[in-house]
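A quick write-up on the structure given underneath.
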Amino acid sequence: MVTPPPVVPLPSSAERSPGAAFRLSDAAALSGDPSAAAALRRILRAVGAPIGHDADGTTGDIDLVVDGSGAPESYRLVADADGVRIAGADAAGLFYGVQTLGQLLTRDDDGAWRIPAVRVGDAPRFAYRGVMLDVARHFHPVATVEAYIDRAAALKFNVLHLHLSDDQGWRLEIPSRPLLTERASGSSVGGDGGGFFTQDDYRRIVAYAAARHMTVVPEIDLPGHTHAVSLAYPELAEQPVLSDHVRDTVRVFGGGLPQHGEPYEGMAVGFSSLRIREEETYAFLEDVLSDVASLTPGPYLHVGGDEALGTSAEDFSYAMARATEIVTGLGKTPVTWHEAGAAPGLAAGTIGQYWGFVTPTDGMDDKTRAFVARGGRVVLSPADAIYLDMKPSEDFPIGLTWARGATSLERAYSWEPAEVVGGVGEENILGVEAPLWTETVRDLADIDALAFPRIAAAAEAAWSPRTGSHPDRTWDSFRDRAAALVPLWRSQGVTTAAAEAGGSR
Ligand code: TNX
């Protein structure tokens, strides 16, 4: 059997061609699209390969073009001894072709850098390929977010979902409601201090993401996960509901019980709520969501809806109906966690994000199907597969275990998106997203330690042909292809030993 080129996520087709490899040297001329050439040079510089020079108006040895043909985000890459040509259907497709080229680069024993003779034809399976970063439980500054964008974009993710508010802190400056960051941004889980993005910080993130073909989806989590609001606008927040779960969490993980108007630095969930039957709450949401929408060139605005455990079903439904209506009024498509599927008045077309297990429990599949019934689609984030904050092994120093224990790389890989929620098939699935909650995650090294290599398994679920439809869309092939990427990941600054793909089965 021929070994496939070590590309992750697996391309639709990739074949080695007969003939010699292309040898990369400083004599190589680059032609075509300047921003694609810049993206390629970033990779070449990072790995220490020769970066070539610009061709003088003619077609170079490495030719990077947008030719407008093929599906959105698709590309074709052909390499042989004479050169490399990448043609993207659009700028994003060309960018993804460049990422593939970076993965094909090898350094031989003689010190020469080579691109093997290959033909790749590639297009994404899903339009929405996301990673989520929780900047609320621990704040992560712009440089960290940018580093995570680079890591994700290299794996052909095109959405960065930012979880911007939670019980432990409010992380985005809202000009119409300045007290949110003035009073509610200084805390985090474990007393590690806080922080927030100014409007300019946030614009920088959006622009940095856009330059790498990623769209930012901001999340303001409602109506629960809102304890931080009680520090800034106490009149809008209910008293914490101290359930057994909250008391158990305090017993196991420490941290005190939440108190209205005081910073909360523990890890319990589900105790907070906005005051759902107060009209002032919706004036507040209009202000906040308008300010968020005006920073958001992308189509989606996420309004949470998870774990409102102290809220009655009627109140929860009412709040989510109002919140999604505000979002549609702002010209954006609402996204919510799957619980909100139970709300009869949810705005038509709302996207549901499923975070149950690969095999649904507790009626989570019913709630998810309800989005499709209302004309919306579904983003799949099965927690026992691609919650990157789960420990990769039982003895891992950081991470959680609630999603069926530690999640090995093999388990992160071994699921099929179209088979998770019955009745939610290919055409109902907008995409796949891998969340990284940060209760135990303090900095970029922690992010890397949990995300790599499992983020690559999520990328393959989001981009590659469905399982069973391609001979290399298998765990055995993936394990080898991912292991081959470790030097490239290292060159990108991925710090952790956990990057040793295949090590954490
Ligand atoms: C569940 S998933 C949550 C988050 C936690 C996460 C920890 C979801 C929609 N809610 O509030 O941070 O578990 O894994």
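Everything numeric in this text was worked out from a predicted model, so none of it was measured. Whatever order the structure lists them in is the order used to number ligands and atoms, beginning at 1.
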Going by the ring-ring contact (aromatic ring centres under 6.0 Å, His included) test, which pairs reach into residues 131-158, not counting sequence neighbours? Phe139-Phe197
Filter on ring-ring contact (aromatic ring centres under 6.0 Å, His included), then keep only pairs touching residues 228-266, sequence neighbours left out; what's left? Tyr233-Phe284, Tyr264-Phe271
Show the numbers, then the answer: is there a salt bridge (charged side-chain N to carboxylate O under 4.0 Å, His left out) between Arg151 and Asp448? CA-CA 9 Å; Arg151 286 149 170 68; Asp448 283 344; 2.7 Å; yes
Would you mind checking which non-hydrogen protein atom is closest to [atom], with the distance to 0.1 Å?
{"atom": "atom 14 (O) of ligand 1", "answer": "Asp389 OD2, 2.6 Å"}
{"atom": "atom 9 (C) of ligand 1", "answer": "Asp306 OD2, 3.1 Å"}
{"atom": "atom 13 (O) of ligand 1", "answer": "Trp402 CZ2, 3.4 Å"}
{"atom": "atom 11 (O) of ligand 1", "answer": "Arg137 NH2, 2.9 Å"}

Under 6.0 Å from the CZ atom of Arg442, do we count more than 12 heavy atoms belonging to anything else shown? no
Is the number of heavy atoms from other residues, nucleotides or ligands within 6.0 Å of CD (Gln259) greater than 12? no
For ligand 1, which atoms, with element, lie under 4.0 Å from some heavy atom of [X]?
{"X": "Leu400", "answer": "7 (C), 14 (O)"}
{"X": "His225", "answer": "11 (O)"}
{"X": "Met390", "answer": "14 (O)"}

Any nitrogen or oxygen of [X], side chain or backbone, less than 3.5 Å from one on ligand 1?
{"X": "Asp166", "result": "no"}
{"X": "Glu307", "result": "yes"}
{"X": "Tyr387", "result": "no"}
{"X": "Trp337", "result": "no"}
{"X": "Glu439", "result": "yes"}

Closest approach of Ala228 to Asp166 (non-hydrogen atoms, all atoms of both residues): CB-O, 3.3 Å
Asp365 side-chain N/O to Val421 backbone N/O, donor-acceptor pair under 3.5 Å: no
Non-hydrogen atom of Gln353 closer than 4.0 Å to ligand 1: no
If I take atom CG from residue Asp150 and atom CG from residue Leu155, how far apart are they, to the nearest 0.5 angstrom? 11.5 Å
Can you tell me how far apart CG (Leu330) and OG (Ser294) are? Round to the nearest 0.5 Å. 9.0 Å
